[in-house]
2 protein chains.
Amino acid sequence: MLTIGDLSRRTGVKIPTIRYYEQMGLLAPPERSEGNQRRYTPEERDRLAFIKHARDLGLKIEAIRELIELSGHPNRQCVDADRIAAEQLQAVRDKINRLRRLERELARIATGCEGEQIKDCYVFRALASHDLCDDEH
Amino acid sequence: MLTIGDLSRRTGVKIPTIRYYEQMGLLAPPERSEGNQRRYTPEERDRLAFIKHARDLGLKIEAIRELIELSGHPNRQCVDADRIAAEQLQAVRDKINRLRRLERELARIATGCEGEQIKDCYVFRALASHDLCDDEH
DNA sequence: CATGTGACCTCAAGCTGCTGGAGGGTCAAG
DNA sequence: CTTGACCCTCCAGCAGCTTGAGGTCACATG
């Protein structure tokens, strides 16, 4: 049986976050000690690791809740799990594309400045209008 | 003189957001009509456009506040503005790199699933442990 | 057995950057 | 003068935590 502190150290999830996940219904309320402290089983540790992994991959709490719900029906087809992963992949790809556009513009802005005075600074001129941008946004 | 609605339409910033920026000190409290409604000058519209552009580029409110403060000292050197832009560029690049790793892993997870039953689904196996990952994260 | 200290408990508020609603006042056209 | 679009303030809510206050528990040491 693990205390919440043990669990935190082993999964890298902070203690308040563990309690938060419990409150959000991602983790079932665990057993308690005589003195009302949480005690976790190795299975619960695995589940938290699953949650953390999914969060690190950017899945929303709601999506994780869905996955957990699905995992309670091991004999159903897994199209839904597939869909969740694919949606997340698409979201990540979209985000990368948006960030790449930002990167281009920022690189231009940041290198356009050459230590002059603020009133002439390229950073300000670039931010003040879109005329200097390569594309719309 | 522009009403808040005009300003909103011209800049693409929603009305409550404009009021929020005022509250956060990014926009100075504008003049008011006899009936206490906000009236904006073209200069204030330019400033809001600047803020929006910076936000679109992902700059935090705090960074924008710093830039605005700097723009009040047009004769100082612009190294700080340069630094803010460079930091933001670095942050964006870091984010892109992290997302690319996610993309790789998600692509693998999403394509590893081939419509089997949940108990065998690759999505779950991949999320349950890091053993199937290509790199640490 | 007392005591110290570190880990734990609950509850509530705070964070960022908005967004939306309630309940009311204002403005300009007709 | 009325109508309807617009505006006002204040307050609550979103995600996903994080932090703090004020108190209890577990366990090692004296």
Side-chain angles (χ1 to χ4, degrees), chain A residues 1-27 29-40 44-45 48 50-68 84 87-88 91-92 95 98 102, chain B residues 1-27 29-40 44-45 47-68 84 87-88 91-92 95 98 102:
Chain A
M1 285 303 221
L2 302 157
T3 67
I4 198 169
D6 294 335
L7 187 63
S8 170
R9 274 182 296 276
R10 277 155 199 262
T11 56
V13 178
K14 290 188 182 161
I15 291 174
T17 307
I18 296 173
R19 291 197 275 245
Y20 172 74
Y21 287 159
E22 180 182 332
Q23 216 183 301
M24 291 299 99
L26 296 190
L27 290 172
E31 273 188 59
R32 299 281 183 140
S33 72
E34 301 245 315
N36 197 35
Q37 299 188 354
R38 289 171 179 81
R39 291 298 125 95
Y40 294 92
E44 292 176 304
R45 184 202 52 203
L48 180 56
F50 176 100
I51 293 167
K52 175 169 169 44
H53 198 171
R55 283 293 301 143
D56 287 347
L57 291 172
L59 277 80
K60 303 215 167 189
I61 299 282
E62 190 44 45
I64 298 173
R65 203 200 310 280
E66 235 178 299
L67 283 175
I68 287 174
I84 291 172
E87 279 172 5
Q88 182 58 20
V92 167
K95 210 178 275 180
R98 256 177 293 127
L102 290 189
Chain B
M1 286 302 222
L2 301 157
T3 68
I4 197 167
D6 294 335
L7 189 62
S8 172
R9 274 183 295 277
R10 276 155 201 261
T11 57
V13 178
K14 291 187 182 166
I15 291 174
T17 306
I18 296 174
R19 290 196 276 244
Y20 172 75
Y21 288 158
E22 180 181 332
Q23 218 183 302
M24 292 298 100
L26 296 189
L27 289 172
E31 274 189 60
R32 300 280 183 142
S33 70
E34 303 245 315
N36 197 36
Q37 299 190 354
R38 289 170 179 82
R39 291 298 126 95
Y40 294 92
E44 292 175 304
R45 182 202 55 202
R47 177 138 155 190
L48 180 56
F50 175 100
I51 294 167
K52 175 167 170 45
H53 197 174
R55 283 294 302 141
D56 286 347
L57 291 172
L59 276 79
K60 304 213 164 193
I61 298 284
E62 191 44 46
I64 298 172
R65 204 199 310 282
E66 234 179 299
L67 284 175
I68 286 175
I84 290 172
E87 278 173 8
Q88 181 58 19
V92 167
K95 209 177 275 178
R98 257 177 293 127
L102 290 190

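Because only heavy atoms are used, hydrogens play no part in the values below, and waters and symmetry mates are left out as well, while side chains stay in. This one's a predicted model, so the numbers in the text were calculated from it and none came from an experiment.
- Here the closest heavy-atom approach between residue Y40(B) and residue I18(B) is recorded as OH-CG2, 3.6 Å.
- The nearest heavy atom of DNA chain C to N36(B) and to Y20(B) marks one nucleotide each, and the one closer to the 5' end goes with Y20(B).
- Taking the nucleotide of DNA chain D with the nearest heavy atom to each of Y21(A) and I15(B), the more 5' of the two is matched to I15(B).
- Checking dG16(D), dT19(D), dC8(D) against the side-chain heavy atoms of P16(A) singles out dT19(D) as nearest.
- Taking both residues in full, the closest heavy atoms of R39(A) and S33(A) are given as NH1-CB, 3.6 Å, listed atom of the first, atom of the second, then distance.
- Comparing R38(A) and K60(B) along DNA chain C, the residue whose closest nucleotide (by nearest heavy atom) sits nearer the 5' end is R38(A).
- For CD of E31(A), the number of neighbouring non-hydrogen atoms (other residues, nucleotides, ligands) closer than 6.0 Å is 12 at most.
- Straight-line distance from the CD atom of E62(B) to the C1' atom of dT16(C): 12 Å, rounded to whole Å.
- Rounded to whole Å, atom P of dA15(D) lies 9 Å from atom CZ of R65(A).
- Straight-line distance from the CE atom of M1(B) to the P atom of dC27(C): 14 Å, rounded to whole Å.
- Phosphate contact (OP1/OP2 of dG16(D), side-chain N/O of R19(A), threshold under 4.0 Å): absent.
- Looking at every heavy atom in both residues, E22(B) comes nearest to P30(B) through OE1-CD, 3.5 Å.
- Here dC17(D) presents its C1' atom at 11 Å from CD of Q23(A), a figure rounded to the nearest Å.
- Rounded to a whole Å, the CG atom of L59(B) is 16 Å from the P atom of dT16(C).
- Atom C1' of nucleotide dG16(D) and atom CG of L27(A) are separated by 14 Å, given to the nearest angstrom.
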